[in-house]
Amino acid sequence: MHETRKSVVRRAREPAFVDHYFRGAGIDIGAGDDWLGSYAHMFPLMGQVVAWNSPRGDAVHVKGVEDGTYDFAHSSHALANVANPAHVLARWLDIVRPGGYLIVTVPDEDLYGKGVWPSRFNRNHRVSFTIGKPGAPDDGTGARLPHSVSVLDLVAAMQPVAACERLVLLRDFYDGKCPGVDQTAKGVAECAIEIVLRKREVPTPRMLADEAIRAESAEAGLAACRRALALYPYRFDVYHRAMVQMIRWGVPAEQDRMWEEALARLPDNMSVRLYHCLHEIMSGRLQKGFTLREARLAHSEWRRRTKVQPPEDIPAWTGEPLVGRSIVIWSEFGLGDEIFFFRFARILHERCGAAHVAVVCQAPLLELFAASGEADEVVDIAHVADLAPCDYWVYPHAIPAYLSLELDGMQSCVPYLRVPEGQPLPVAVKETRGDSLKVGIVTRGDPTHENDTARSLSSLSRLDSLFELEGVDFFSLQKGEGIEESARYARERKNFHDLGPDLRTMAQTAAAIRSLDLLLTVDTSVAHVAAAMGKPVWLMLPLICDWRWHYLREDSPWYPTLRIFRNSWNRDIRDWTDVVKRIRSELQAWRDRLCDGAHSGERIADRLWRRHP
């Protein structure tokens, strides 16, 4: 078709193109074999033009190209091949500098498409274009095609960041006597709509993010977020930054409308869809959030994190009656997730009437799960061939999508983990004086976790002020990252004891926790072990945390003995100073009260938790 070649003959005669639009360095998106740069001799002010074709990356994201890189961007007919033209047009404007131009042509749905959908001449087209027919696509009037895009609406959507300088229906050389023929194939007719947008001088997303970060009030911070969303409504990173600020200022409900708007503009963006689900769950709307999650994952290429796929010869459970039936809860995600969802073995028995509930889990949890007696059968994921026949299987995260759960009723399941018989008390605990407060410590999680930089402490030294407290002994349960530091602290401090080397199984970890008064931990699987046992847990959380801890709460609806110490807003997410100050004050006050009342003979842990539920 060589649409660019046709257009340059016309454009070379127009001063606006010669003197303004095609000036400086440019990019030709979807150039194919009809590259705009081939005609640079016709435009004296045109500089180097990069041809951006599929081998370099998709036209939607133009990955690797920085914002404001080019003086102009050009695309001929490529916009018809994408499902969300507004998103793509906004991205193309991002890579144009302020004052630069975006020049786009799209096929007209009548001149080129002959008013027929899908396109008879190009099966790659995912949408058709009209300048501004009345009505909505496929509204029954027949005016617009089923996937019709109004160019007027498209241009209006770009108005916050770009002014429209040109909008023309190119019908020169179109022969109305031959309506059934693709007149672009061999002739010189263009049969298209030409759009020229001039990038406005507006703040960049980074500038607006910095403005929100510097804000000293919720009003100023949210105003900066709203301005960013108005200017850049097709960028997920802008929505994500706004989310962080809404959590920072303690107004998570502000996200309700924001994520709905994000879904309307970016309906196929997987990150938007998942964050919307997570927001619903964190807001306490469990069934809605998990239902959305299941529906969206079912129609995506995203794969669940499981080491072995569930059996193909039995159906997945989607809420069918379970009375008298058998079901297996399948291994999914990390150890903490499997411990958290283990509670549903009992729920499927008691609420759903399941006759047999099996659980497939990762090896470190096998002994602990089996000893707890919550499931009829517990099988290592590496030995699923040993699993007894079941009527259904279900992923843990899918269960809340098919059960109506009252968030404030979930604590009744606890405790649901029990220490296996015969697990000895750690020697270091037995040798510690009986009147001291015994606090377990975990400061780091798996370094491969996507949020580990925020959730883990960079060093034990962050807690040095706690270790100075008299009458408190600390026991490190740390495994993996941080074990060398724990060993050094144990050598240097009399009230610091390193249990990590002696803990080879999760059952041994549970036994150690049972012997302690309190667990102080970051968000790791050990927190779930202690909380599921009903032991007092102080959880140190980053500002942006996992969905199960919800927004703003200092308690947990899932674990009655867990207390949350949330980190406050800080430009350095690794700074836990405020949290540690609060914890030191609480520990010191508890220790003092406990010492004053020690004559009663009551167990330290019992008094500890009753005073601070």
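Reckoned from all heavy atoms, side chains included, excluding hydrogens, waters and symmetry mates. The first residue in the sequence is number 1, and the count goes up from there.
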Salt bridge flag under 4.0 Å for residues R444 and E485 = yes
Taking only residues two or more places apart in sequence or in another chain, which ones pass salt bridge (Lys or Arg N to Asp or Glu O under 4.0 Å) with E492?
-> R488
Measure up the W558 and W547 rings against each other and bin them: parallel (under 30°), tilted (30 to 60°), perpendicular (over 60°).
-> perpendicular
Parallel, tilted or perpendicular: rings of H240 and F236 (30°, 60°) | tilted
Are K494 and D473 within salt-bridge range, i.e. N to O under 4.0 Å?
-> no
Distance-only side-chain donor-acceptor flag, Q508 / Q423, under 3.5 Å = no
For the residue pair F340 and Y559, does the interplanar ring angle fall in the parallel (under 30°), tilted (30 to 60°) or perpendicular (over 60°) class?
-> perpendicular
Salt bridge check: are D578 and R582 linked by an N-O gap of less than 4.0 Å?
-> no
Go through the structure and list residues passing salt bridge (Lys or Arg N to Asp or Glu O under 4.0 Å) with D498, not counting sequence neighbours.
-> none
Does a side chain donor of either R325 or H356 reach within less than 3.5 Å of an acceptor in the other side chain?
-> no
Give me the ring orientation class for Y551 and H279: parallel if the planes are under 30° apart, tilted from 30 to 60°, perpendicular past 60°.
-> tilted
Only one of F342, W549, F341 clears ring pair (Phe, Tyr, Trp, His ring centres under 6.0 Å) with H528; which?
-> W549
Below 4.0 angstrom, N of the basic side chain to O of the carboxylate: do R293 and E280 qualify?
-> no
Begin from the C-alpha positions of Y489 and F496 and carry the test ring pair (Phe, Tyr, Trp, His ring centres under 6.0 Å) through to its verdict.
-> CA-CA 7 Å; Y489 265 65; F496 191 98; 5.6 Å; yes
